[in-house]
Amino acid sequence: MFRYIIQRIIVSIPVLLGVLALTFALVRMIPGEPCTAMLGEKATPELCERFTREKGLDKPIPVQFGVYLGDVVKGNLGDSLRYKRPVTTLIIERLPATFELGITAIVLASIVGIAAGIISAVRRNSIIDVGTMMVANVGVSMPVFWLGLILAYVFALVLKGTPFQLPPSGRLSAGVVSVPFYEVFGWGLPENGFLNGLFSFFANFYIVNAFFTGQWKVVADGIQHLILPAVALATIPTAIIARMVRSSTIEVLSLDYVRTARAKGLPERTVVLLHAFRNALLPVVTIIGLQLGSVFSGAVLTETVFNLAGVGRILYDAITARDYPIIQGFTLVIAFGYVLANLLVDLSYAYLDPRIRLN
Amino acid sequence: MTTSSPTLEAVAVRPPEALWRKTVRTFFRQRSAVIGLSIVVLLALVAIFAPLIAPYDPTRVLIGVEDVKRRDPPCIHILGCDSEKPQHILGIDGNVRDVFSRLIYGTRISFTIGFITVAIALIVGSILGSIAGYIGGWTDNIIMRLLDVLLAFPSLILSIAIVSVLGPSLINAMLAIAIVSIPAYARVIRATVLSAKQEEYVHAARTLGLDSGRILFRHILPNAITPLIVQATLGIGAAILETAALSFLGLGAQPPTAEWGSMLSAERNQLFTAPHLVFFPGLAIMLNVLGFNLLGDGLRDALDPRLRNY
């Protein structure tokens, strides 16, 4: 297993280098002078000259790439043109909102998808199966942003005044604040740059932060705000997971050992849940891992629709403002996260299925 | 031996069925595939005959032409709308244009996006995939590792990065999505080439002295047609969905183009006051993507019995 882990990590290194090269190249592909593209109307020849010198854009490309690599290793992703603050800080501030949304969506998708898939497989070709698969087909074809808007319309306007009313935007209602845990416990924000970042990072998980500090009203409010975006974001992964679970369960149920289990007279429930399910789950782990990509992509759309201050939303704002350092930095971080997630999926797959690591 | 067994004579010998007939039969036996095909054919007809179906020009502003206001809700005469008023079955948009006509013309754009994007990805992907598979060795390694880098990004995120660098436009959005989907096609082709390269008929062709190009195009690549058709059909659905998403983010089609994603994007702040302006374009996107997805799934099941999962 150890050897397999090392092997897989070594294989991902060139991919990560490629990702770095691509994000580096992207910004240099902007048509025209980088200075006028970045500074816009303010760009005067003098300002441009200073800008080019400061950013090291007058140096040869390999040198620039070396500087870029060094900066990335040090955690320096440049400053946002619009917010005039380090991109790294912005990411630390914004990631928790996206994680909260993304993790909720993936968990939701896995639970619903696996349950629906197994039921469909067991009751193959029944009305439940046909219905579930029809819903799954529609779900896969659904534009996330459209679904989000429809949900917002239904739950915020049509159901207004009923107990099912849900807020259509933001992470918390106006006036509701998730007091950071370090203030609740009277610790204050540490001076140390790293600890400072770490503390704000965890405090920005509003719901988790409020949960551990006993701010129950904030927890309830946060969850209410999370439901609609999480459902919208979970739709496509749910549909894909359900289809995958269905076909892999059907395949496993036709294997000899399942027949043996049935022949022994085990109850069908035991056969499906204890014998078949474990093996049927193997390909599903991969699919769930791949869905992380669609969740990152979907987060940009969902956060835009529901006005959530996450990574996706700031990326959207950066696009309109042509804030290239943010686009570059966020793309890089998301790609790194995606590669890492896929690495973890591969490793867990090898852990679950010895045939893989032994080959 | 039992060659004179009476039961054997009773068996009716059916002539072997032609492969394509069997494929067609399998395809049409699947309900979802037929639904998918119907949706795609219907929308294709709408796209072709758009000028005949659409009552208005999609970019024509109706101020001063008719008695309509901005964002008027749908008005259908047979459903009780005042017959004095002009009929607009899906309502009027924020720039006082007929939404139905815009949706109809949007079908053309949607199909164009799907086909062109997939065509670009397919051609580039096939070239890279066949070179990688046929030459092998370092060439293969370098090409595939480069494509792995593209796969390291969630597709929409990479398309966003590419379009924000190239500048927002429908063409650039299509280009970005094509680039992002190249690896999928390259992998399909490479896998086919790798396995076909070992076949005896390819060895035979090489022994006969045929040149590489001829072996590749005449003997190896035809094997890839089946998986490519499936991949391309599903790819059209995905391309339509992703381009709509880019347009929604303001990176794709620019006004006044009647593109579904940008129609939706333009009116999304009017969700609570004029929901029809958000509802119908999204429904159109979904229907179109659903059509291609069902068609693709059906084709896969019909063309490749190994993948059939029921």
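In what follows, chains carry the letters A, B, and so on, assigned in the order in which the sequence lines appear, proteins first and then strands, with residues in each chain numbered from 1.
More than 12 heavy atoms of other residues, nucleotides or ligands sit less than 6.0 Å from atom CD1 of A:Ile13. Heavy-atom neighbours of B:Gln270 CD from other residues, nucleotides or ligands within 6.0 Å: above the threshold of 12. Residue-environment remark: CZ (B:Arg31) stays at or below the threshold of 12 foreign heavy atoms within 6.0 Å. More than 12 heavy atoms of other residues, nucleotides or ligands lie within 6.0 Å of CG in A:Leu17, so this atom counts as buried by the packing criterion.
Of the listed residues A:Val158, A:Leu301, A:Val339, the one with more heavy-atom pairs under 4.5 angstrom with chain B than any other is A:Leu301. Of the residues considered (B:Val165, B:Val289, B:Leu156, B:Ile285), B:Val165 shows the highest number of contacts with chain A, using heavy-atom pairs under 4.5 Å. Interface summary for chain A: among B:Val163, B:Leu146, B:Asn293, B:Asp148, the most heavy-atom pairs under 4.5 angstrom belong to B:Asn293.
Here the straight-line distance linking atom CE of A:Met142 with atom CG of B:Leu241 works out to 10.5 Å at 0.5 Å rounding. Distance check, rounded to the nearest 0.5 Å: OG of B:Ser164 to CD1 of A:Ile319 gives 6.0 Å. To the nearest 0.5 angstrom, A:Met134 atom CE is 10.0 Å from B:Ser32 atom OG.
In this structure, chain B has heavy atoms under 4.5 Å from both the backbone and the side chain of A:Phe296. Only the side chain of B:Leu150 comes within contact range of chain A, with heavy atoms under 4.5 Å apart. Heavy-atom distances place both the backbone and the side chain of B:Leu283 under 4.5 Å from chain A. Heavy atoms of A:Leu26 lying under 4.5 Å from chain B belong to its backbone as well as its side chain. A:Leu315 touches chain B through its side chain: at least one heavy atom from C-beta onward sits under 4.5 Å away, while N, CA, C and O do not. Neither the backbone nor the side chain of A:Ala299 comes within contact range of chain B, judged by heavy atoms closer than 4.5 Å. Both the backbone and the side chain of A:Leu149 come within contact range of chain B, each with at least one heavy atom under 4.5 Å from a heavy atom of that chain. B:Ile160 touches chain A through its side chain: at least one heavy atom from C-beta onward sits under 4.5 Å away, while N, CA, C and O do not. B:Leu290 touches chain A through backbone and side chain together, each having a heavy atom under 4.5 Å away. Contacts between B:Asp297 and chain A at a heavy-atom distance below 4.5 Å involve the side chain alone, from C-beta outward. Both the backbone and the side chain of A:Val305 come within contact range of chain B, each with at least one heavy atom under 4.5 Å from a heavy atom of that chain. Contact annotation for B:Ile240: neither backbone nor side-chain heavy atoms come within less than 4.5 Å of a heavy atom of chain A. Of the two parts of B:Leu264, only the side chain, counted from C-beta on, holds a non-hydrogen atom closer than 4.5 Å to a non-hydrogen atom of chain A.
Listed here is the closest heavy atom pair of B:Met286 and A:Ser141: CG-O, 3.5 Å. The two residues B:Ser155 and A:Ser297 come nearest to each other via the heavy atoms N-OG, 4.1 Å. The two residues A:Val19 and B:Ala152 come nearest to each other via the heavy atoms CG2-CB, 3.6 Å. Across B:Pro275 and A:Tyr153, no two heavy atoms sit closer than the pair CG-OH, 3.4 Å.
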Requested in this report: Given side chain to side chain contact (heavy atoms under 4.5 Å, CB included), test A:Leu22 with B:Leu158 step by step and report yes or no.
Outcome: CA-CA 10 Å; A:Leu22 190 57; B:Leu158 184 56; 4.1 Å; yes

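Contact check for A:Thr23 versus B:Phe153: side-chain heavy atoms found under the 4.5 Å cut-off. The shortest distance between side-chain heavy atoms of B:Ser265 and A:Phe145 does not fall below 4.5 Å. Within the 4.5 Å cutoff, side-chain heavy atoms of B:Arg268 are placed close to those of A:Thr304.
In this structure, A:Trp146 has its ring center under 6.0 Å from that of B:Phe279.
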